[in-house]
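This report refers to the structure that appears directly beneath it.
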Amino acid sequence: MTEAASHPIADEEGTGGEPVRRIPDIISLVKDCYGELRPAERRVADVVLDNVKYAVDASNAALAQRAGVSEPTVTRFCRAIGCEGVRDFKLKLAQSLVVGALYLDTSPASEGDAAMPFWNAVFGEARRALQEAERQLDPGELEKAAELIARARQVTVFGLGGSSSALAQETQYRLFRYGVSISAQCDPYLMRMTASTLKPGDLVVAISATGRTREVIEAVELAKHYRANAIAVTAPDTELARACDVRLTVAVPEYPDTLKPTASRFAFLAMIDLLAVASAYKLDGPARETVRRIKYNAQIHRTGKEMEPLGD
């Protein structure tokens, strides 16, 4: 038995201080312990990994029969990966299946080149996401958002998780070049700490594909408590959207392929680009001057010499 499997899964503290029971990833435990199992136990593991749903629903006798082993061997297999017995194993396996069933299925193939079945899916989903953003985005809300950015004393962007963190950084990169005082926060504790420092005239841009990320919503509510304004870049009719003053929202259905990047990020990138350009036009002269300075000094850095004057 591995060290990981020999220890019970401990309770963790949630964001509100309450204990949260972590669901063990029993499927990963089976895979990680596979090399340490006896040959007969490996046959049970093979049956489980080949069809997890069958393993959850099958009786102990049926599981043993399919694996070609005795029922006590199934029990020994369950204990070898850190479970108390067959019942405990099936309970944890069912929980693991609920969380990760989508990722155990074979990804659907798309039409097109058989060597690259994902080709049409990626490009097609990107085009559709941009079309949905153009169709759903409210120009009036974009105008309000740009006005808030142009007037803000400072802007902070909140985004948590893989895509939203990257989008928060992208928002910072888009807006700082127009002279906007802006920072991006992608850590939940830093979000709360930053929100606590905000004042009237400050602005939060909160990014969440689902609009349900609890840490981002709480940080926005804290910023609002200190009378900062807030813009949501999120899905429509969500708690995050309702918590903000201005709502830039789009809903993009995802193609059911777990290996493909989420299509919604194309829509969100388009919204961020629109927001940045609209803000730049609001700032106008100062934005143009800041971009000129950046381009001038970037050129000097690349060439290692001052810009030469134009000839007569």
Taking the side chain as every heavy atom from C-beta outward, state whether [X] and [Y] have any pair of such atoms under 4.5 Å apart.
X	Y	value
I27	L49	yes
C244	I231	no
V180	F176	no
M191	D187	no
T156	Q185	yes
E215	Y189	no
L248	I272	no
Y54	V48	no

Only pairs at least two apart or in different chains count here, so list each ring pair (Phe, Tyr, Trp, His ring centres under 6.0 Å) that has a residue in residues 193-215.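 Checked against ring pair (Phe, Tyr, Trp, His ring centres under 6.0 Å) - neighbours excluded - no pair reaches residues 193-215.
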Please collect all ring pair (Phe, Tyr, Trp, His ring centres under 6.0 Å) contacts where either partner lies in residues 64-89, sequence neighbours excluded, each pair once.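 Checked against ring pair (Phe, Tyr, Trp, His ring centres under 6.0 Å) - neighbours excluded - the pairs reaching residues 64-89 are F77-F89.
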Path from [X] to [Y] over hydrophobic side-chain contacts below 4.5 Å:
X	Y	value
L269	L142	yes
L283	I182	yes
L274	V157	yes
I207	L160	no
Y173	V204	no

Can you measure from [atom1] ([X]) to [atom2] ([Y]) and round to the nearest 0.5 angstrom?
X	Y	atom1	atom2	result
I81	D32	CD1	CG	10.5 Å
I149	K144	CD1	NZ	14.5 Å
F158	S183	CZ	OG	8.0 Å
L240	E218	CG	CD	12.0 Å
Q172	R177	CD	CZ	11.0 Å
E170	L175	CD	CG	10.0 Å

Only counting residues at least two apart or in another chain, list the ones meeting side-chain hydrogen bond (donor to acceptor under 3.5 Å, both in side chains) with [X].
X	value
Q136	E132
R38	E41
K295	none

Donor-acceptor pair, distance only, cut-off 3.5 Å: does the side chain of T194 make one with the backbone of L190?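 Here the side-chain-to-backbone pair exists.
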Given 3.5 Å as the limit, does a donor-acceptor pair link the side chain of R66 with the main chain of V47, or not?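 No, the answer is negative, given that no donor and acceptor are paired below the 3.5 Å cut-off.
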Partners meeting ring pair (Phe, Tyr, Trp, His ring centres under 6.0 Å) with [X] (sequence neighbours left out):
X	value
F268	none
F123	W119
Y178	none

Any idea which heavy atoms bring [X] and [Y] closest together, and the distance?
X	Y	result
A146	L275	N-CD1, 4.1 Å
V74	V86	CG1-CG2, 4.1 Å
S164	S208	OG-CA, 3.7 Å
A223	A195	N-CB, 3.8 Å
M271	V233	CE-CG1, 3.7 Å
G211	I217	O-CD1, 3.6 Å

Applying side chain to side chain donor-acceptor pair (under 3.5 Å) as the test, list every pair that has at least one member in [range]; sequence neighbours left out.
range	answer
residues 195-207	R153-D202, Q154-D202
residues 271-291	E143-K282, E147-K282, R174-D273, D284-R288, E289-R292, E289-R293
residues 234-245	R214-E239, K224-D245

Pairs under 3.5 angstrom only: tabulate donor-acceptor contacts from the side chains of residues 56-64 to other protein residues two or more places apart or in another chain.
unit_1, atom_1, unit_2, atom_2, d
D57, OD2, K53, NZ, 3.0
S59, OG, A62, N, 3.1

Quick check on Y34: does its OH atom have over 12 non-hydrogen neighbours (other residues, nucleotides or ligands) under 6.0 Å away?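 Result for OH/Y34: enclosed.
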Atom CD of residue position E84 - does it have more than 12 heavy atoms of other residues, nucleotides or ligands inside 6.0 Å?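 Not buried by this count: 12 neighbours or fewer within 6.0 Å.
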Q131 vs E134, side chain to side chain contact (heavy atoms under 4.5 Å, CB included): CA-CA, chis, key distance, verdict: CA-CA 5 Å; Q131 290 169 354; E134 184 176 12; 5.6 Å; no
